[in-house]
There are 2 protein chains.
Amino acid sequence: MKHIDKICKALGDRNRLRIIASLFLSKELCACQIHEWLGVSGATASNHLGILANAGFISSRKDGKWVHYRLNRTDPGIQSLLKWVKKNISNDTELNLELDKLKLVTDCSPIELRIRQRKEKSKTLCC
Amino acid sequence: MKHIDKICKALGDRNRLRIIASLFLSKELCACQIHEWLGVSGATASNHLGILANAGFISSRKDGKWVHYRLNRTDPGIQSLLKWVKKNISNDTELNLELDKLKLVTDCSPIELRIRQRKEKSKTLCC
DNA sequence: TTGACGTTTAGATAATCAACTAAATATAAC
DNA sequence: GTTATATTTAGTTGATTATCTAAACGTCAA
């Protein structure tokens, strides 16, 4: 719990807060689900996940090709900060609206999601 | 308490955390004391103070030429976040060492401090 | 009222950062 | 083994930001 500025900086980005908010609702999400929901490239999503992991907010579990992320529940300092975030994002109407759409990527397995993503991509490519 | 990313971003800077840490120890500090202690230009200090005030962390009181800053105790969300910061900076050894030197700018009035600052400045100019 | 001084604002610059594409890595499927 | 695929890393670019100096603003004192 040393570098507080690093920890706070990790929270100082809208997309990273969205990741944390999504992990409050879904215990575990794979990289491709987060990439899909954020609406950024896979590389960008991976970068954000790396920053959050580095600050101690999330941890990852590798399962074959897939990497699943969840909130890190070990550090008490991080834990209490996450509690603060959870309490205070409830007033963020914009974020709550976005969270409604989270279901679209959690109502199916990562495998099905990726198939859908590839379909979408080919659709935009041929038009 | 809407823009959480803005609030966290305000904490995501070492100098701004130092300002907050100093205001935990000294109930009130004037801009010139903070400028002196941070070791940055007055303009830079003023900018950081503006960001912290804009995020809701501090408030200011004008007293003639002098502007005094203190922690803002009105917003409950900000209040609990400040509590978290206070608790967790205790482990930051580097910051604690710096805070020891805070006395050098609080053991005299802003007026005396400014006289000292001008002396220091002229000393470096003529050598 | 003029000059000095504390603070803020404006403008410039270098560093940092979020985003992308492309390449690299690692794993699964054929 | 080769190919497809999920993720990360490298490299690039545009935007943001922390810092500075100079100028502007507001207040006090002579």
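First the proteins, then the strands, lettered A, B, ... as listed; each starts at 1.
Mapped onto DNA chain C by nearest heavy atom, B:Ser46 and A:Ala45 fall at different nucleotides, with B:Ser46 at the one closer to the 5' end. Between A:Ile51 and B:Ser60, the residue whose closest nucleotide on DNA chain C is further toward the 5' end is B:Ser60.
Shown here for B:Leu71 and B:Ile20, the closest heavy-atom pair between the two residues is CD2-CG2, 4.3 Å. Contact record, A:Glu28 with A:Arg61: OE1-NH2, 2.7 Å, taken as the closest heavy-atom pair. Closest non-hydrogen pair, A:Cys30 versus A:His68, comes out as CB-ND1, 3.7 Å.
Of the candidates D:dT19, D:dT7, C:dG6, D:dT7 carries the atom nearest the A:Cys32 side chain, counting heavy atoms from C-beta on. The side chain of B:Lys65 approaches D:dT27 more closely than any other nucleotide in the set D:dC20, D:dT27, C:dA28. Among the nucleotides C:dA18, D:dG26, C:dA28, the one closest to any side-chain atom of A:Arg16 is C:dA18. Listed candidates were D:dT8, C:dT7, D:dA6. Nearest to the side chain of A:Tyr69 is D:dT8. Considering only side-chain atoms of B:Asp13, the nucleotide from D:dT9, C:dT7, D:dA18 that sits closest is D:dA18. If you check D:dT7, C:dA19, D:dT19 against the side chain of A:Trp66, the one that comes closest is D:dT7. Closest to the side chain of A:Ala43, out of D:dA18, C:dA22, C:dC17, is C:dA22.
Nucleotide C:dA18 holds its C1' atom 16 Å from the CG atom of A:Leu11, rounded to whole Å. For the pair A:His35 NE2 and C:dA18 P, the computed distance is 19 Å after rounding to whole Å. What separates NZ of A:Lys6 from C1' of C:dC17 is a distance of 16 Å, to the nearest Å. The distance from atom CG of A:Leu49 to atom P of D:dA6 is 16 Å, rounded to the nearest whole Å. At whole-Å resolution of the value, CG in B:Leu38 and P in D:dA18 are 13 Å apart. Summarising the geometry, the separation between CD on A:Glu36 and P on D:dT7 is reported as 12 Å, rounded to the nearest angstrom. As rounded to whole Å, 9 Å separates atom P of D:dT9 from atom CG of A:Asn47. Protein atom NE2 of B:His48 is 12 Å distant from nucleotide atom C1' of D:dC20, rounded to whole Å.
For the atom pair B:Arg18 CZ and A:Asp5 CG, the distance stands at 11.0 Å (nearest 0.5 Å).
Taking side-chain N and O atoms only, A:Thr44 has no distance below 4.0 Å to OP1 or OP2 of C:dA18. In terms of phosphate contacts, A:Asn15 brings a side-chain nitrogen or oxygen within less than 4.0 Å of OP1 or OP2 of C:dA19. OP1 or OP2 of C:dC20 sits under 4.0 Å from a side-chain N or O of A:Ser41. Regarding contacts with the backbone of D:dT7, every side-chain N or O of A:Lys62 stays at 4.0 angstrom or more from both OP1 and OP2.
Residue A:Gly64 is in sugar-phosphate contact alone, with no base atom involved, counting any heavy-atom pair closer than 4.0 Å across all strands shown.
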Worksheet entry | side-chain contact (heavy atoms from CB on, under 4.5 Å) between A:Ser22 and A:Trp37, worked out | CA-CA 9 Å; A:Ser22 69; A:Trp37 184 60; 3.7 Å; yes
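If you check the side chains of B:Trp84 and A:Ser80, you find a donor sitting under 3.5 Å from an acceptor.
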